[in-house]
Trainee: 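Okay, here's the structure, questions in a sec.
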Amino acid sequence: MRGARTAATGPVTSVPADTGSTRPLLVVGDHPLIDGVVAAAARRRTHVTWITGGEGVAEVPGAQLVSGPLCPSTAREHASGVQRAIVAFTDEARQLSAIEALRAGAPDLAITVNATAGWQGGRNIRFGPLAGVRVVSQVQLAVRDLHWRNPPPLIAQQLGQSRVHALLFGFGRGGDAILSDLLLCSLTGFQPAPLVTIVDPGAEALRADLARRCPELGRSADIRFLDPGAVDDPRRLPVEALRRAQAEAPFTLAHVSIDSDARALSLARAFHALAGRERWAMGPVCVRLAGGAGLPRLPVSGEPAELLGFGANAEFAESLGLFDPGSDYLARLFHQAYRRTAKPGLPANRPWDELDEEYRESNRRLLVHLPAKLLTAGVDLAAWLRIPLPRPNNMGGIPLPALDARLLEQLAELEHRRWMVDRRLSGWRHGPARDNGARLHPDLVPYADLDDYTMELDRAIVREAWETLGSARGSGFFAQGAEKRAG
């Protein structure tokens, strides 16, 4: 794992296979996501105990309902033999209270919690009540799936664009997660840093907040904020401002993530109509729809600015990899590659099962950038993406270029750029010496300025990816349930 630049003593062993999710599951909360998790578990005949946190919940097939609030004794009673707990409340205070009760009653239970708006997708959480808990963002998981299937740099390449220009309508409903994934997946060795235009009525406040939280992010991407003014009707777009943004660099794709499915769909349709009138050649308009609303999840006609839905509540369990025993397989391999190179003595060089969730998530984010690395290496990425999921690790017969010295250095430099984006999104800045508390790191410099040891960390990640891509190890690069969702 490159993201932490840390290590600890001990031999590196082979990656153990995950055991899957055949054991009972404990779910806690009242969020609509829980309904999707319970339904997905029922399809796999996995027993679920659902602690609702309230009264008056209707019976659900395949789930044992436990009404009322969660306390340590209730957690202890229902956690026996359970593999993990999923916590998702609509209220942040109740969510934190449930986590504390689970820890008190079942301290060894693995806990996954859905991030509320204030938790920023789980970033910057290392201490306090959430330390050691896997914090996931429904939007983040959905947008990873979306970009994996529709990589922005591939769309830009197919459109003949010189760089990725993503348009993001709304920043308050998962905008952080969308922006993070866009920046991580859009770095190639042949395109400039991505440009993101964010359209939101709170543009100035959002600009100031992002600068405060991520002070060096501007060194990795161009981010523009556009204030459309106070409008009640989402169909009223800032047309002249959008024309100027499009003239500066053609739009590659757009994302709509605002306060309701109905408003999001209205805005997306209005922009689709505008793009058609203006004859803008661009990729899909991706609309976050918690309810699904019947939009396709994959482009079906290839028309400009085609509407594409993502982020439905019913897909959360699959995006999480909850029922896929190999969902973390490649992340574990990347962590092992890091451990073979890293110096001993610091927190991240530990076996996967002993690793803090912040560092596990850093390994998972490495997968976001894999399509961009393949595209940079000259792989026919469009053909690779057409292979049914889960894609085989042997590339499905698509040629994988030999990792000679030139390509290794090109991809290692690209990996370093990805790592810097990842760190800057978490608020890190350059400093002469590493300071975890202040989030300062000496390696936030161009690749050519790194020492040999640090360069070797980047090379190790690239070698591991190529070794895995060229072999038959593992079950694939994506959750097996994803193919069922796409069908």
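Since the structure is predicted, the reported quantities are computational estimates derived from the model, not experimental observations.
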Trainee: Determine the minimum heavy-atom distance between Gln95 and Asn114, stating which atoms define it.
Mentor: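 Residues Gln95 and Asn114, closest heavy atoms: NE2-O, 2.6 Å.
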Trainee: Do Arg44 side-chain atoms and Ala40 backbone N/O form a donor-acceptor pair below 3.5 Å?
Mentor: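 Yes, because the side chain of Arg44 sits within donor-acceptor range (under 3.5 Å) of the backbone of Ala40.
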Trainee: Parallel, tilted or perpendicular for Phe271 and Trp280, by the 30°/60° rule?
Mentor: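 Taking Trp280 first and then Phe271, their aromatic rings sit tilted (interplane angle of 30° to 60°).
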Trainee: If you take all heavy atoms of Phe251 and Leu242, which pair is closest and at what distance?
Mentor: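 Looks like CZ-O, 3.6 Å.
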Trainee: Would you say that Arg144 contacts Arg365 through its side chain, given a criterion of any heavy-atom pair below 4.5 Å between the two side chains?
Mentor: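 Side chain of Arg144 against side chain of Arg365, heavy atoms only: contact under 4.5 Å found.
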Trainee: Does any N or O in the side chain of Asp222 come within less than 3.5 Å of the main-chain N or O of Ala193, such that one atom is a donor and the other an acceptor?
Mentor: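 Answer holds: no.
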Trainee: With sequence neighbours excluded, give me every salt bridge (Lys or Arg N to Asp or Glu O under 4.0 Å) pair touching residues 373-383.
Mentor: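 Non-adjacent pairs meeting salt bridge (Lys or Arg N to Asp or Glu O under 4.0 Å): Lys373-Glu415.
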Trainee: How are the rings of His441 and Trp419 set relative to one another: parallel (under 30°), tilted (30 to 60°) or perpendicular (over 60°)?
Mentor: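 Plane angle over 60°, so perpendicular.
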Trainee: Would you mind reporting whether Val87 and Val133 have side-chain heavy atoms less than 4.5 Å apart?
Mentor: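 Of all side-chain heavy-atom pairs linking Val87 with Val133, none is under 4.5 Å.
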Trainee: Check the pair Arg429, Glu216 against salt bridge (charged side-chain N to carboxylate O under 4.0 Å, His left out), reporting the backbone distance first and the verdict last.
Mentor: CA-CA 6 Å; Arg429 297 171 291 132; Glu216 290 193 357; 5.9 Å; no
Trainee: Would a 4.5 Å heavy-atom cut-off, applied to side chains only, mark Trp352 and Leu355 as touching?
Mentor: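 Yes, at least one pair of side-chain atoms sits under 4.5 Å.
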Trainee: What closest approach, in Å, do Arg163 and Pro192 show between heavy atoms, and which atom pair accounts for it?
Mentor: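 Closest approach of Arg163 to Pro192: CB-CD, 3.8 Å.
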Trainee: Please list, chain by chain and in numerical order, all residues satisfying ring pair (Phe, Tyr, Trp, His ring centres under 6.0 Å) with His147, sequence neighbours excluded.
Mentor: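 Ring pair (Phe, Tyr, Trp, His ring centres under 6.0 Å) list for His147, sorted by chain: His255.
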Trainee: Please determine, by modelled atom types, if Asp181 and Gln140 share a side-chain donor-acceptor pair under 3.5 angstrom.
Mentor: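 Per modelled atom types, Asp181 and Gln140 side chains form no pair under 3.5 Å.
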Trainee: Regarding Asp443 and Arg423, does a basic nitrogen lie under 4.0 Å from an acidic carboxylate oxygen?
Mentor: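 The answer is no: the pair does not qualify as a salt bridge.
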Trainee: Looking at Arg463 and Glu456, is there a salt bridge between them, counting it only when a charged N and a carboxylate O are closer than 4.0 Å?
Mentor: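 Counted as a salt bridge, because a side-chain N and a carboxylate O are separated by less than 4.0 Å.
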